[in-house]
Amino acid sequence: MTRIILASRSPRRVQLLRELGIRDFEIIPSQSEEEPDTALSPEAAVEHISMAKAREVLSRAGGEGLIIAADTLVYLDGRPLGKPSDEEDAKAMLRSLSGREHLVVTGLALILDGRELSAAESTLVRFRELSEEDISWYVSTGEPMDKAGAYGAQGLGAIFIKGITGDFFNVMGLPLCRLAESLEELGTPLTSLVSEG
């Protein structure tokens, strides 16, 4: 059985891998903290960050197995929105997203037996108009504080989303279709990683 390492402590990514039937994996969170390069396209920027995470974890993991790393950013008007620094920052982000469409981009990086593969997935998300009461209530729940763009599509933030064009799982932080395609490219189909029982 291939050793599988998820280079993330994201509960959403852990949950998604388990829902695919991949249960036997290690979690070794990346210590790489790169900021997005605004000179690059959103797709190239997240691919670069996710590969840096994968390489950093590989250096600590003994160099064997499959490393899966990802990085998700929200882009509004071409500008990346990371995780909010505090509650006021979260409120400002939510105000800027209110009634508008934004881009959620996830970089995916895989390393297996010395081979590296990276890809990016982009999804358009449209928010309804948010009142100050909506924003204050949502920030008070604490949910936005560890999420790019200050919201979680799979949680309470779902009530703000008017529409999605593209992969919903990408908005959660792990584009499952792209993951399956990338694993095929590496010659390790997703089905070969599914745990028995």
Side-chain angles (χ1 to χ4, degrees), residues 1-34 36-37 40-75 103-125 146-149 152-155 158 161 163-197:
M1 189 71 167
T2 304
R3 180 189 185 198
I4 305 166
I5 299 166
L6 177 64
S8 172
R9 68 167 52 91
S10 160
R12 278 81 55 194
R13 292 185 183 125
V14 170
Q15 172 196 346
L16 288 171
L17 283 187
R18 288 192 174 133
E19 286 179 4
L20 286 176
I22 302 172
R23 293 184 185 87
D24 296 327
F25 62 91
E26 298 170 51
I27 298 168
I28 304 179
S30 169
Q31 295 170 358
S32 175
E33 290 291 339
E34 288 200 32
D37 185 342
L40 297 175
S41 70
E43 291 79 10
V46 292
E47 279 192 56
H48 176 78
I49 293 170
S50 61
M51 186 55 75
K53 288 181 173 184
R55 288 173 180 155
E56 189 276 326
V57 167
L58 180 69
S59 72
R60 291 186 289 125
E64 63 177 60
L66 169 67
I67 310 282
I68 303 171
D71 190 76
T72 302
L73 287 173
V74 170
Y75 279 81
L103 191 67
V104 177
V105 190
T106 298
L108 178 67
L110 305 177
I111 301 178
L112 177 64
D113 300 330
R115 291 172 296 147
E116 297 183 346
L117 186 97
S118 66
E121 188 70 34
S122 299
T123 303
L124 281 171
V125 179
D146 68 336
K147 295 172 180 63
Q154 72 289 342
I161 298 172
I164 289 181
T165 305
D167 183 346
F168 170 77
F169 298 105
N170 183 50
V171 185
M172 281 183 70
L174 191 63
L176 299 183
C177 182
R178 186 59 63 115
L179 174 62
E181 290 170 342
S182 297
L183 287 167
E184 289 277 356
E185 278 188 63
L186 282 177
T188 306
L190 182 69
T191 52
S192 72
L193 304 177
V194 173
S195 309
E196 295 296 324

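What's counted below: heavy atoms across the whole structure, side chains too, no hydrogens, waters or symmetry copies. Since the structure is predicted, the reported quantities are computational estimates derived from the model, not experimental observations.
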Trainee: Looking at residues at least two apart in the chain, or sitting in another chain, which of them share a salt bridge (Lys or Arg N to Asp or Glu O under 4.0 Å) with E56?
Mentor: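 Testing E56 for salt bridge (Lys or Arg N to Asp or Glu O under 4.0 Å), a comparison that skips the adjacent residues, returns R60.
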Trainee: Find the distance between CG (L17) and CG (L179) and round it off to the nearest 0.5 Å.
Mentor: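 It is 7.0 Å, given to the nearest 0.5 Å.
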Trainee: Let me see the working for L190 and I22 under side chain to side chain contact (heavy atoms under 4.5 Å, CB included), right down to the final yes or no.
Mentor: CA-CA 9 Å; L190 182 69; I22 302 172; 3.5 Å; yes
Trainee: Going from CG on L16 to CZ on F169, what distance comes out if it is rounded to the nearest 0.5 angstrom?
Mentor: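 Spacing of CG (L16) from CZ (F169) equals 6.5 Å.
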Trainee: Report the distance from atom CG of L186 to atom CD1 of I111, rounding to the nearest 0.5 Å.
Mentor: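 Going from the CG atom of L186 to the CD1 atom of I111 covers 10.0 Å.
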Trainee: If I take atom CD1 from residue I28 and atom OG from residue S8, how far apart are they, to the nearest 0.5 angstrom?
Mentor: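 With rounding to 0.5 Å, CD1 (I28) is 12.0 Å from OG (S8).
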Trainee: Using the side chain to side chain contact (heavy atoms under 4.5 Å, CB included) rule, take T188 and L110 through it: C-alpha gap first, then chi angles, then the decisive distance, then the call.
Mentor: CA-CA 11 Å; T188 306; L110 305 177; over 6 Å; no
Trainee: Could you tell me which non-hydrogen atom of S182 sits nearest to which non-hydrogen atom of L108, and how far apart they are?
Mentor: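 Taking every non-hydrogen atom into account, OG-CD2, 4.1 Å.
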Trainee: Measure across V171 and A153 and return the closest heavy-atom pair with its distance rounded to 0.1 Å.
Mentor: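 V171 and A153 have their closest heavy atoms at CG1-CB, 3.5 Å.
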Trainee: Between S30 and V57, is there a side-chain heavy-atom distance shorter than 4.5 Å?
Mentor: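 Yes, close enough: below the 4.5 Å cut-off.
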Trainee: What are the two closest non-hydrogen atoms of M51 and S118, and how far apart are they?
Mentor: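 Closest approach of M51 to S118, heavy atoms only: CE-CB, 3.9 Å.
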Trainee: Taking all non-hydrogen atoms of both residues into account, name the closest pair between A119 and E47 and its distance.
Mentor: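 Taking every non-hydrogen atom into account, O-CG, 3.3 Å.
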Trainee: Show me, pair by pair, the donor-acceptor contacts under 3.5 angstrom made by side chains of residues 66-74, not counting sequence neighbours?
Mentor:
unit_1	atom_1	unit_2	atom_2	d
D71	OD1	K53	NZ	2.9
T72	OG1	R13	NH2	3.1
T72	OG1	T106	OG1	2.8

Trainee: Would you say L20 and L193 make side-chain contact, with heavy atoms under 4.5 Å?
Mentor: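 Not touching, per the 4.5 Å side-chain cut-off.
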Trainee: With rounding to the nearest 0.5 angstrom, report the CZ to CD distance, F168 to Q154.
Mentor: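 The CZ atom of F168 sits 6.5 Å away from the CD atom of Q154.
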Trainee: When you look at CZ of R115, are more than 12 heavy atoms from neighbouring residues, nucleotides or ligands closer to it than 6.0 Å?
Mentor: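 More than 12 heavy atoms, drawn from other residues, nucleotides or ligands, come within 6.0 Å of this atom.
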Trainee: Please round to the nearest 0.5 Å and tell me the distance separating atom CZ of R12 and atom CE of M172.
Mentor: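 Taking CZ in R12 and CE in M172, the distance rounds to 8.0 Å.
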Trainee: Output all residues satisfying salt bridge (Lys or Arg N to Asp or Glu O under 4.0 Å) with E181, sequence neighbours left out; order by chain, then residue number.
Mentor: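 With sequence neighbours excluded, E181 shows a salt bridge (Lys or Arg N to Asp or Glu O under 4.0 Å) to R178, given in chain and number order.
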